[in-house]
Student: 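This is the structure I have questions about; it appears just below.
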Amino acid sequence: MQKGSTQIALILASLIISNIVVLVVSQGQLRVGFYSKSCPNAEPIIRKVVQKAVADNPRNAAILLRLHFHDCFVQGCDGSILIRNDEDGELKAQGNLGVVGFDIIDSAKARLENLCPGIVSCADIVSLAARDAVSLVNGPFYDVPTGRRDGRVSKMSLAKNLPDVDDSINVLKSKFKEKGLSDKDLVLLSGGSHTIGATACFFMQKRLYNFTPGGGSDPAINPGFLPQLKDKCPFNGDVNVRIPLDWSTQNVFDVKILRNIREGNAVIASDARLYDDRMTRQIVDSYITSSAASFNQDFAEAMVKMGNIGAKTGSEGEIRRACNAVN
């Protein structure tokens with residue numbers, strides 16, 4: 001009886017160990033230089049595609065940065081936002097309105113498929129392209145851990161909890177916390193990212209004309225700045241008109257966006273809300289008084305942290321042949 005019990009225990013222990021090994025293998029691990037042997041020119045090829053895109057139109061830097069954020073914030077960085085053959089896909093969600101840049105990712109993917117078919121994931125291309133885009137407009141160049149695999153599911157309902165331009169600071173903090181991101185990450189990835197790029201007047205209507213009962217504007221807007229915003233985005237005007245998020249240096253990655261927030265010159269409401277809360281206000285102020293190198297380093301760390309959210313590795317997901325559809 002004792003011998004039988006011992007054998008059963010050994011069998012159970014063996015099964016547990018086997019399951020642990022299988023679990024570890026299936027989960028895999030992101031690492032810098034993942035493609036160094038399987039496709040050694042992957043990162044240079046992506047960078048070359050991004051360089052051309054940003055040279056053709058500096059706005060593409062912000063476009064690729066935004067694409068990365070909107071991909072990672074739904075089901076993790078799995079390229080699911082790129083799937084465009086589904087009428088109920090992530091891209092149809094209200095929070096993804098105006099997200100573009102797919103042609104740049106598709107161009108990089110096509111070149112990589114010719115060179116290393118079935119090796120480099122679309123999810124990794126998105127993360128690497130965001131890094132390269134930032135570095136090309138005076139931002140930091142940082143190592144990106146790779147080895148992500150592409151998701152097979154893209155549903156509009158899964159993107160319903162994206163951060164919104166009109167969210168309160170408490171809601172924004174909560175949404176970031178759900179993703180394992182801190183208040184500092186919120187300042188860097190939300191406000192800090194808006195050092196480049198533009199927004200549409202569509203996202204300004206509530207802040208300018210319906211923020212308070214009776215149709216008042218957001219009182220956080222500097223009175224000297226308000227007429228400029230209303231001039232660019234008049235009431236009942238063209239909501240597709242685009243205005244820079246960082247009024248002075250929209251195509252340069254720098255800390256001026258945080259000075260704008262402190263001085264009441266934030267363009268969109270969610271940026272202004274970063275000064276409503278004691279903790280996020282202190283973080284904003286700290287970067288204004290510190291060196292640019294400190295801001296750049298922390299931004300890079302926050303990008304890597306966001307890039308690790310829900311990453312599929314090992315045997316999870318797939319490597320798509322084309323980024324706009326599952327295999």
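As a basis for the values below, the full set of heavy atoms in this structure was taken, side chains included, without hydrogen atoms, waters or symmetry mates. As the structure is a prediction and not an experimental result, all values here were calculated from the model.
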Student: Apply side-chain contact (heavy atoms from CB on, under 4.5 Å) to the pair I125 and L128, showing each step before the final yes or no.
Tutor: CA-CA 5 Å; I125 295 173; L128 290 165; 6.0 Å; no
Student: Taking K173 as the fixed residue, which of D167, D183, D185 is the one that meets the salt bridge (Lys or Arg N to Asp or Glu O under 4.0 Å) rule?
Tutor: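 Exactly one option meets the salt bridge (Lys or Arg N to Asp or Glu O under 4.0 Å) with K173, and it is D183.
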Student: Assess whether a salt bridge exists between D78 and K312, defined as any Lys/Arg side-chain N lying under 4.0 Å from an Asp/Glu carboxylate O.
Tutor: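 Salt bridge: yes.
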Student: Between S80 and R152, do the side chains contain an N or O donor and an N or O acceptor separated by less than 3.5 Å?
Tutor: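 R152 and S80 do not have a side-chain donor-acceptor pair below 3.5 Å.
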Student: Give the cluster check for V165 versus V100: same hydrophobic cluster or not, with ILVMFWY residues linked at side-chain heavy-atom distances below 4.5 Å.
Tutor: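 No, no single cluster joins them.
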Student: Taking C-beta and beyond as the side chain, do F102 and L67 meet within less than 4.5 Å on heavy atoms?
Tutor: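 Sidechains of L67 and F102: in contact.
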Student: Shortest non-hydrogen contact from L82 to R320?
Tutor: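 Scanning both residues completely, I find the closest heavy atoms to be CB-NH1, 4.1 Å.
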Student: Is the NZ or CZ atom of R262 positioned over Y275's six-membered ring, under 6.0 angstrom from the centre and within 45° of the axis?
Tutor: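 R262 over Y275 ring: no.
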Student: I'd like to know if L245 and L258 are part of one continuous hydrophobic network [Ile/Leu/Val/Met/Phe/Trp/Tyr, side-chain heavy atoms within less than 4.5 Å].
Tutor: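 No.
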Student: Look at D56 together with K52 and state whether they make a salt bridge at an N to O cut-off of under 4.0 Å.
Tutor: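 K52 and D56: salt-bridged.
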Student: So, for G191 and I257, which heavy atoms are closest and what is the spacing to 0.1 Å?
Tutor: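 Heavy atoms only, the tightest pair is O-CG1, 3.5 Å.
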Student: Under 4.5 Å between side-chain heavy atoms, hopping through other hydrophobics if needed: is there a path connecting L91 to I63?
Tutor: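 No: no chain of side-chain contacts under 4.5 Å links L91 to I63.
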Student: Kindly give the heavy-atom pair with the smallest separation between A61 and V54, and that separation in Å.
Tutor: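 The pair with the smallest heavy-atom distance is N-CG2, 4.0 Å.
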Student: Evaluate L65 against I196 for side-chain contact (heavy atoms from CB on, under 4.5 Å), listing each step before the verdict.
Tutor: CA-CA 9 Å; L65 180 55; I196 55 175; 4.0 Å; yes
Student: Are the side chains of L188 and I283 in touch, meaning some heavy atoms are under 4.5 Å apart?
Tutor: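 No. Closest side-chain heavy atoms not under 4.5 Å.
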Student: Any side-chain heavy atom of I81 sitting closer than 4.5 Å to one from V74?
Tutor: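 Result no, sub-4.5 Å side-chain heavy-atom pair not found.
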Student: Got I119 and I319 here, is their nearest side-chain heavy-atom distance under 4.5 Å?
Tutor: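 Side chain of I119 against side chain of I319, heavy atoms only: no contact under 4.5 Å found.
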Student: What heavy-atom pair brings F202 and Q94 nearest, and what distance separates the two atoms?
Tutor: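 In this case the closest contact between F202 and Q94 is CZ-NE2, 3.7 Å.
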Student: Considering only heavy atoms from C-beta outward, does the side chain of R59 approach that of R242 to under 4.5 Å?
Tutor: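 In contact.
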Student: Would you give the length of the straight line joining atom OH of Y35 to atom CD1 of I46, rounded to the nearest 0.5 angstrom?
Tutor: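 Rounded to the nearest 0.5 Å, the OH-CD1 separation comes out at 8.0 Å.
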Student: Going by distance alone, is a donor N or O of one side chain under 3.5 Å from an acceptor N or O of the other, for S168 and N170?
Tutor: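 Note: S168 and N170 side chains miss the donor-acceptor criterion.
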Student: The test is side-chain contact (heavy atoms from CB on, under 4.5 Å); show your working for Q205 and N210 and say whether it passes.
Tutor: CA-CA 7 Å; Q205 297 306 298; N210 196 30; over 6 Å; no
Student: Going by side chain to side chain contact (heavy atoms under 4.5 Å, CB included), V187 matches just one of V284, I261, D298. Which one?
Tutor: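 Testing V187 for a side chain to side chain contact (heavy atoms under 4.5 Å, CB included) against V284, I261, D298 leaves exactly one candidate, V284.
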Student: Would you say I288 ends up clustered with L189 if hydrophobic residues are merged whenever their side chains have heavy atoms under 4.5 Å apart, either directly or through other cluster members?
Tutor: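 Yes: a chain of side-chain contacts under 4.5 Å links L189 to I288.
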Student: How would you list, by chain and number, every residue that makes a ring-ring contact (aromatic ring centres under 6.0 Å, His included) with Y142, sequence neighbours excluded?
Tutor: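 In terms of ring-ring contact (aromatic ring centres under 6.0 Å, His included), with neighbours along the sequence ignored, Y142 is linked to no residue.
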Student: What I'd like to find out is whether the side chain of S217 reaches to under 4.5 Å of the side chain of R207, using heavy atoms alone.
Tutor: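 Result no, sub-4.5 Å side-chain heavy-atom pair not found.
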Student: Centre-to-centre under 6.0 Å for F299 and Y287, is that the case here?
Tutor: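 No.
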Student: I would like to know whether D246 and N260 meet side chain to side chain donor-acceptor pair (under 3.5 Å); could you show each step before the answer?
Tutor: CA-CA 8 Å; D246 183 344; N260 292 343; 3.1 Å; yes
Student: Is there a donor-acceptor pair under 3.5 Å between the side chain of H68 and the backbone N or O of L64?
Tutor: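 Not a single qualifying donor-acceptor pair exists.
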Student: Scan side-chain atoms only and decide if E178 and N161 contain a donor-acceptor pair under the 3.5 Å cut-off.
Tutor: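 On atom types as modelled, these side chains qualify, holding a pair under 3.5 Å.
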Student: As a quick check of understanding, evaluate salt bridge (charged side-chain N to carboxylate O under 4.0 Å, His left out) for R47 and D132, giving each step before the final call.
Tutor: CA-CA 6 Å; R47 185 166 180 81; D132 292 338; 3.2 Å; yes
Student: Using a strict 4.0 Å threshold on nitrogen-to-oxygen distance, state whether E43 and R131 make a salt bridge.
Tutor: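 Salt bridge between E43 and R131, a charged N being under 4.0 Å from a carboxylate O: yes.
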Student: Looking at every heavy atom in both L172 and P163, which two are closest together, and how far apart are they?
Tutor: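 The pair with the smallest heavy-atom distance is CD2-CB, 4.0 Å.
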Student: Under a 4.5 Å cut-off applied to non-hydrogen side-chain atoms, are F73 and L181 in contact?
Tutor: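 They are in contact (side-chain heavy atoms under 4.5 Å apart), so the answer is yes.
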Student: For residues K256 and T195, determine if any side-chain heavy atom of one lies less than 4.5 Å from a side-chain heavy atom of the other.
Tutor: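 Answer no - side chains too far apart.
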Student: Can you tell whether the side chains of D106 and R84 come within less than 4.0 Å, N to carboxylate O?
Tutor: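 The answer is yes: the pair qualifies as a salt bridge.
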Student: Side chains of D124 and T146: any donor to acceptor distance under 3.5 Å?
Tutor: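 Not at all, the side chains of T146 and D124 share no donor-acceptor pair under 3.5 Å.
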Student: Start with the C-alpha gap between N308 and R148, add the side-chain angles, then the distance that decides, and say whether side-chain contact (heavy atoms from CB on, under 4.5 Å) holds.
Tutor: CA-CA 9 Å; N308 290 341; R148 296 168 188 79; 4.2 Å; yes
Student: Report yes or no: do V144 and V32 belong to one cluster of Ile/Leu/Val/Met/Phe/Trp/Tyr joined by side chain heavy-atom distances under 4.5 Å?
Tutor: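 No; V32 is not reachable from V144 via cluster members.
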Student: Could you check whether the rings of F69 and F176 sit parallel, tilted or perpendicular, using 30° and 60° as the cut-offs?
Tutor: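 F69 and F176: tilted rings.
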Student: Identify the two heavy atoms, one from C77 and one from A123, that lie closest to each other, and give their separation to 0.1 Å.
Tutor: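 In this case the closest contact between C77 and A123 is O-CB, 3.5 Å.
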Student: Kindly indicate, with the supporting measurements, whether the criterion salt bridge (charged side-chain N to carboxylate O under 4.0 Å, His left out) is fulfilled by E113 and K109.
Tutor: CA-CA 6 Å; E113 283 298 299; K109 177 63 171 176; 2.9 Å; yes
Student: Within a reach of under 6.0 Å around NZ of K232, are more than 12 heavy atoms found that belong to other residues, nucleotides or ligands?
Tutor: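 It does not: K232 NZ has 12 such atoms or fewer within range.
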